[in-house]
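Note sheet for the following structure.
We name chains A, B, ... by the order of the sequence lines, and we start the count at 1 in each one.
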2 protein chains.
Amino acid sequence: MASRAGRRLLTRDDWTRAALEALAEGGVTAVSVERLAKKLGATRGSFYWHFRDRGELIEAAVARWERENTIELIPPAEAIGDPVERLRHLFREVYEREVDAVELALASAPDEPLVAPGLARVVRMRLDFLRRIFSDLGLPDAEADERAWLAYAFYIGHHQLGRNPATRASRPGRLDPLVELLTVTNSRDRDQRRDAR
Amino acid sequence: MASRAGRRLLTRDDWTRAALEALAEGGVTAVSVERLAKKLGATRGSFYWHFRDRGELIEAAVARWERENTIELIPPAEAIGDPVERLRHLFREVYEREVDAVELALASAPDEPLVAPGLARVVRMRLDFLRRIFSDLGLPDAEADERAWLAYAFYIGHHQLGRNPATRASRPGRLDPLVELLTVTNSRDRDQRRDAR
DNA sequence: ACCTGAACACCGTTCAAGT
DNA sequence: ACCTGAACACCGTTCAAGT
């Protein structure tokens with residue numbers, strides 16, 4: 001038949017947007033060329049004019065998520081001067097809220113070759129942000145690195161545990177007490193405890 | 001043709017074991033009836049005599065992992081009297097080691113209906129174990145709950161971050177300093193900091 | 001340049017028929 | 001009781017042919 005019989009021609013972007021929607025709704029497996037084609041009113045064959053294969057589509061979707069998501073989230077948070085307040089803000093805005101569905105889908109496949117590079121870039125930006133908090137708090141670099149790692153790994157696990165209704169039940173209501181713990185700087189306590197052993 | 005032409009008859013257990021191997025090697029998607037049938041030298045039709053569908057197979061594999069894995073890991077660790085030592089032991093044996101491949105595969109699909117119930121049972125046992133550490137340390141219940149959650153969420157994120165070669169680079173070498181932080185009990189520090197604001 | 005339609009491979013599922 | 005073999009549906013991929 002002729003060029004889309006009245007319908008608008010599709011762009012690479014149309015397919016990518018549709019892929020992100022599918023990703024959010026059903027994870028990586030839901031990104032099916034056949035289903036997207038049906039949704040967009042095209043044939044699967046059409047897809048292969050815009051993309052080499054399904055993998056290239058997923059890569060494009062990840063890249064788009066990366067741009068729209070992490071890049072513009074960091075600057076406003078960075079503006080908060082007091083590092084403890086900055087972490088508290090982060091916990092309220094990012095830890096205690098429901099996490100974006102696309103992120104959940106991607107975080108579930110951290111070692112898929114299609115997902116790994118984009119995800120790694122995002123993780124690095126966020127770890128840097130956290131490291132700066134603990135540096136500003138006066139911790140030496142090695143300790144700031146450790147705490148950033150702890151805080152970010154906690155972020156991942158916190159949201160992953162929240163996905164399972166049965167385990168979500170154990171989730172603490174507010175995370176402020178954990179901010180207190182994570183920002184302890186006085187080394188006296190730890191020294192004391194070590195000496196007492 | 002006749003009953004397996006010389007070959008041994010297959011049991012439900014044979015299929016389940018093969019499913020666990022596939023799970024470890026390639027995650028949930030790798031558990032394919034067709035591939036398992038080929039590996040076991042049977043037809044796909046044979047599979048459906050033992051199981052209702054692919055989902056039932058995955059459930060059976062999860063249940064087996066649950067038994068073989070968490071149940072017998074807890075008692076030896078529970079024997080350590082000093083709670084700080086108990087946590088340090090846990091970090092060395094469970095956090096710093098590579099995590100079992102099946103667990104990684106399952107943790108990546110925490111909200112799949114086939115995986116969720118078994119995974120939730122395991123999580124509950126482990127959270128209880130952690131809670132006891134912090135209770136024995138003298139923390140009130142609410143605080144023990146929070147720290148157990150923090151410690152377990154960290155466990156998940158720590159291993160997930162370790163799967164991506166690019167992010168694994170930021171991983172701290174030893175986790176002992178984090179044990180120190182997680183077991184801080186003196187509330188003086190936190191009070192002091194709060195007063196200083 | 002962008003798309004269709006038919007073809008093939010892979011795999012989940014069903015089921016009648018075999019032993 | 002346990003299995004085969006053929007059939008069907010779903011979906012990724014290719015490609016010749018259309019406009």
Contact pattern, 5' to 3', of nucleotides 8-16 of chain D - B, S or - by protein heavy atom under 4.0 Å: --SBBBBB-
Respond yes when some side-chain nitrogen or oxygen of A:His50 is under 4.0 Å from OP1 or OP2 of C:dA1, and no when none is. no
For B:Lys39, is the NZ atom crowded, meaning more than 12 foreign heavy atoms sit under 6.0 Å from it? yes
Nearest-Å distance, CZ (A:Phe51) to P (C:dC2)?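 The answer, rounded to whole Å, is 12 Å.
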Roughly, in whole Å, what's the span from CG in A:Leu9 to P in D:dT19? 15 Å
Carefully, step by step, assess B:Arg147 and B:Arg131 under the rule side-chain contact (heavy atoms from CB on, under 4.5 Å). CA-CA 7 Å; B:Arg147 294 221 194 163; B:Arg131 245 190 298 271; over 6 Å; no
Run the side-chain contact (heavy atoms from CB on, under 4.5 Å) test on A:Arg92 and A:Arg174 for me, step by step, so that the C-alpha distance in whole Å, both residues' side-chain angles and the decisive distance to 0.1 Å come before the verdict. CA-CA 9 Å; A:Arg92 261 199 300 269; A:Arg174 309 233 63 237; 3.7 Å; yes
Does A:Asp13 have any side chain to side chain donor-acceptor pair (under 3.5 Å) partners at least two apart in sequence or in another chain, and if so, which?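 Expected list: A:Arg17, A:Arg64.
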Would you say the ring centroid of B:Phe47 lies under 6.0 angstrom from that of B:Trp15? yes
Is there a donor-acceptor contact under 3.5 Å linking the side chains of B:Thr183 and B:Arg88? no
Treating a pair as Watson-Crick (purine N1 to pyrimidine N3 plus N6-O4 or O6-N4) or G-U wobble (N1-O2 and O6-N3) with both distances under 3.5 Å, list the stems of 3 or more consecutive pairs that involve DNA chain C. C:4-8 with D:12-16, C:12-16 with D:4-8
Quick note, B:Thr43 side chain, CB onward, closest among D:dT4, C:dC3, C:dT4 is D:dT4
Qualifying residue for ring pair (Phe, Tyr, Trp, His ring centres under 6.0 Å) with A:Tyr155, from A:Phe129, A:Trp149, A:Tyr95: A:Tyr95
Going from CD1 on A:Ile156 to CG on B:Leu161, what distance comes out if it is rounded to the nearest 0.5 angstrom? 3.5 Å
